[in-house]
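A short write-up of the structure that comes next.
Reminder, nothing fancy here: chain letters follow the sequence lines and each chain counts from 1.
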There are 2 protein chains.
Amino acid sequence: MAQDGARSGTQSIERAFAILRLVAANSPRGLRLTDLTREMGLPASTLHRILKTLQDGGLIERSREGRRYIIGSELTLLGLSSPMRHFRELASGTLRSLSDQVGDAVFLSVRSDADTVCVDRKIGDFPIQVLSIEIGSRRPLGISANGAAMLSRMTTGKAAAILDQNADRLQSFGVERAVLMERIAAGRTLGYVQIRHAIVEGTSALAVPILDVLGQPVAAISTIAIAWRQPDHRIPLLIGLLQAAAAEISTALIEDATRRR
Amino acid sequence: MAQDGARSGTQSIERAFAILRLVAANSPRGLRLTDLTREMGLPASTLHRILKTLQDGGLIERSREGRRYIIGSELTLLGLSSPMRHFRELASGTLRSLSDQVGDAVFLSVRSDADTVCVDRKIGDFPIQVLSIEIGSRRPLGISANGAAMLSRMTTGKAAAILDQNADRLQSFGVERAVLMERIAAGRTLGYVQIRHAIVEGTSALAVPILDVLGQPVAAISTIAIAWRQPDHRIPLLIGLLQAAAAEISTALIEDATRRR
DNA sequence: ACGAGACTTCCATCATGTGGGAACCCTCGA
DNA sequence: TCGAGGGTTCCCACATGATGGAAGTCTCGT
């Protein structure tokens, strides 16, 4: 039953986290007990015991419609203490003005191991907005434009390793590995990633990575719109704006890190 | 060794959460391993093992100066999925304009079991600001003006029970239970709580509770300033502003809850 | 350079968490 | 009204995951 070989001595705690990540990955709908048994391959009684503990601690709650498990308030409260909150705030202004300039929705995602998490999004003033993803949503690294942008700044080996790690989940999202590899390769040479027909038919996405002080891609920003808002001749302008915003966030990030040493 | 009688079958997970809460309560400084052994009464080896797991999961990190444990990015990311995030956002505008009106720092706290957690704060334009508490800070319910405000809207029995639960921690903050009881009783009749010489000598705080649809105090807002900014003749004005803001947030909260049923 | 206190690792031991089974309850759709 | 699928609670034998004492390593301050 142990899929990882590590005898770390903290099985139940690790299971609890795995549950939290799964629940977050299915936000905001939430997951039923049955879903969790399927996903985690554990008996319902074991899961139920852990879930009850998580619920007592306020780390998960039950949605009122379905009796689905969703992320609880306590996690937000705990998360307010983390330096990551400052990252969100430090990027907020840049993101806002980027959205004002492009007129379409913009998204900021960070990497979390082999996932991307959307940490913020701003809506532009153009009447049609493509709101592909909620704040807090967790996706396998690679499927979103932001994910591909981050992968395009890693070594090919590292990128491939992450795609391997996500293989089954990518499949369940109906994404071909070869398509991703190609997209990443293109991103590597161009410096940005473009996806036509991103989430929904007729939409288009552009993304650029955000680098930390070591040059590692820790985050990415993207803009998504209906396809004709991103014609070829407008790409250079949009990419320029995205890259300027990415550089601004990257600089602020590095300054912030050094300031608090 | 078991301080609670419940044989719940999830000892290690509960310990992990207790650690997270303790670390959050000592944000942003963080805690050393020794601090945790003292606070939790567990051997260092056991704590170390759990801490390593929490660290591997990104739920805690090490601060670079001291090797102190602090809340990790992953908790922020998980917390973005919770409905509690909406509460923060829905209150943000009200809080901003409240701060603009009073000119001093204002604080929004929510209740988390027997704690208060500061979820947001805004700074006014008066040149001297009393920034008593960081966003994310967790304190035993009762010591802050916001805490007292919440207690003043509970039954005396419930309030007393919470103070009992927090007895030891209140002591370590150097707060007399009798003083709190008096403060709460005053709050009950007046409808607001005032604390002279709040955190630091020469400061003053005012707080009012925020009620949910059932009339339960789920949050509170306060303003803190140097004492002469809150002279007696200005109290009615300030309380009026605080209560208006509290009502606004309460209404938004209830609307939001019904909208998503 | 030294010592004390803090941190980390090891490992024998056993309490803790596990998971199968089964009964019961609840909700929803037919 | 009924049935089916899910959710919840209980029990218990088992083994293994978690425990914590002890010993080793690191990191300060003096």
Side-chain angles (χ1 to χ4, degrees), chain A residues 1-23 26-27 29-72 261, chain B residues 1-23 26 29-72 260-261:
Chain A
M1 216 121 302
Q3 35 261 43
D4 57 316
R7 286 267 154 278
S8 47
T10 48
Q11 186 189 64
S12 62
I13 297 179
E14 276 160 17
R15 284 178 174 175
F17 298 163
I19 290 172
L20 291 179
R21 276 191 293 271
L22 262 180
V23 171
N26 291 68
S27 170
R29 287 267 316 271
L31 286 177
R32 292 171 307 165
L33 179 59
T34 325
D35 303 326
L36 285 165
T37 59
R38 186 171 9 81
E39 293 290 332
M40 307 222 4
L42 289 174
S45 60
T46 298
L47 279 173
H48 189 265
R49 179 164 23 84
I50 298 176
L51 287 167
K52 194 152 56 121
T53 306
L54 291 171
Q55 206 176 342
D56 288 346
L59 305 204
I60 58 175
E61 293 165 11
R62 311 298 293 270
S63 63
R64 48 263 94 197
E65 339 82 44
R67 60 227 136 280
R68 285 163 178 274
Y69 292 96
I70 58 175
I71 291 291
R261 206 147 337 139
Chain B
M1 216 124 303
Q3 36 261 40
D4 57 316
R7 286 268 152 279
S8 47
T10 48
Q11 186 188 62
S12 62
I13 295 179
E14 276 161 17
R15 285 178 173 176
F17 297 163
I19 290 173
L20 291 179
R21 275 191 293 270
L22 263 180
V23 171
N26 288 277
R29 286 269 313 274
L31 286 176
R32 293 171 305 164
L33 180 59
T34 324
D35 302 326
L36 285 166
T37 59
R38 185 171 9 81
E39 294 291 332
M40 307 225 358
L42 289 174
S45 60
T46 298
L47 282 172
H48 188 264
R49 178 165 24 81
I50 297 176
L51 287 167
K52 196 148 56 113
T53 305
L54 292 170
Q55 205 176 342
D56 288 347
L59 305 204
I60 57 175
E61 294 166 9
R62 311 298 291 269
S63 63
R64 47 263 94 197
E65 340 83 44
R67 58 225 137 282
R68 285 163 178 276
Y69 292 96
I70 58 175
I71 291 292
R260 59 183 82 232
R261 206 148 340 130

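In the helix from C/dA1-D/dT30 to C/dA30-D/dT1, the terminal helix axes, each the rotation mapping four pairs' C1' atoms onto the next four within five end pairs, subtend 60°, rounded to 10°.
The distance between atom CG of B/L42 and atom P of C/dT16, rounded to the nearest whole Å, is 12 Å. The distance between atom CD1 of B/I50 and atom P of D/dA18, rounded to the nearest whole Å, is 9 Å. Distance CG (A/D56) to C1' (D/dT9): 14 Å, rounded to an integer number of Å. Atom NZ in B/K52 sits about 13 Å away from atom C1' in D/dA18, given to the nearest Å. What separates CG of B/L31 from P of C/dC7 is a distance of 11 Å, to the nearest Å.
For B/Q11 and D/dT19, the shortest distance from a side-chain N or O to OP1 or OP2 is below 4.0 Å. Phosphate proximity of D/dG21 to B/R49: absent, as no side-chain N or O sits under 4.0 Å from OP1 or OP2. A close approach under 4.0 Å does not occur between any side-chain nitrogen or oxygen of A/R67 and OP1 or OP2 of C/dC26. Side-chain nitrogen and oxygen atoms of B/R15 include none within less than 4.0 Å of the OP1 or OP2 phosphate oxygen of C/dT16. Remark: B/H48 is not in phosphate contact with C/dC7, judged by side-chain N or O atoms under 4.0 Å from OP1 or OP2.
B/R68 has its side chain out of reach of B/R62: every pair of non-hydrogen atoms, C-beta onward, lies at least 4.5 Å apart. Put simply, the side chain of B/L33 does not reach to within 4.5 Å of the side chain of B/R67, judged on heavy atoms.
A distance of 6.5 Å separates NE2 in A/H48 from NZ in A/K52, rounded to the nearest 0.5 Å. Interatomic distance, A/I50 CD1 to A/T53 OG1, rounded to the nearest 0.5 Å: 7.5 Å. Here the CD atom belonging to B/Q55 is positioned 6.0 Å from the OH atom belonging to B/Y69, to the nearest 0.5 angstrom.
Looking only at distances, no side-chain donor or acceptor of A/S27 sits under 3.5 Å from a matching main-chain atom of A/V23.
A/S45 comes within contact range of at least one nucleobase, with a heavy-atom separation under 4.0 Å. Within 4.0 Å (heavy atoms only), B/T46 reaches at least one base atom of the nucleic acid. The residue A/S12 sits close only to the backbone: its heavy atoms come under 4.0 Å of sugar-phosphate atoms, none of a base.
Checking D/dG6, D/dT19, D/dA18 against the side-chain heavy atoms of A/R32 singles out D/dG6 as nearest. Side-chain atoms of B/L33 lie closest to C/dC7 of the nucleotides C/dT9, C/dC7, C/dT18. The nucleotide whose nearest atom lies closest to any side-chain atom of B/A44 is, among D/dT8, D/dA18, C/dT8, C/dT8.
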Distance-only criterion, 3.5 Å: show the donor-acceptor pairs between side-chain atoms of residues 34-44 of chain B and protein atoms not counting sequence neighbours.
residue	atom	partner	partner atom	Å
B/D35	OD1	B/R32	NH2	3.2
B/D35	OD1	B/R38	NH2	2.9
B/D35	OD2	B/R32	N	2.8
B/D35	OD2	B/R32	NE	3.4
B/T37	OG1	B/T34	O	2.5

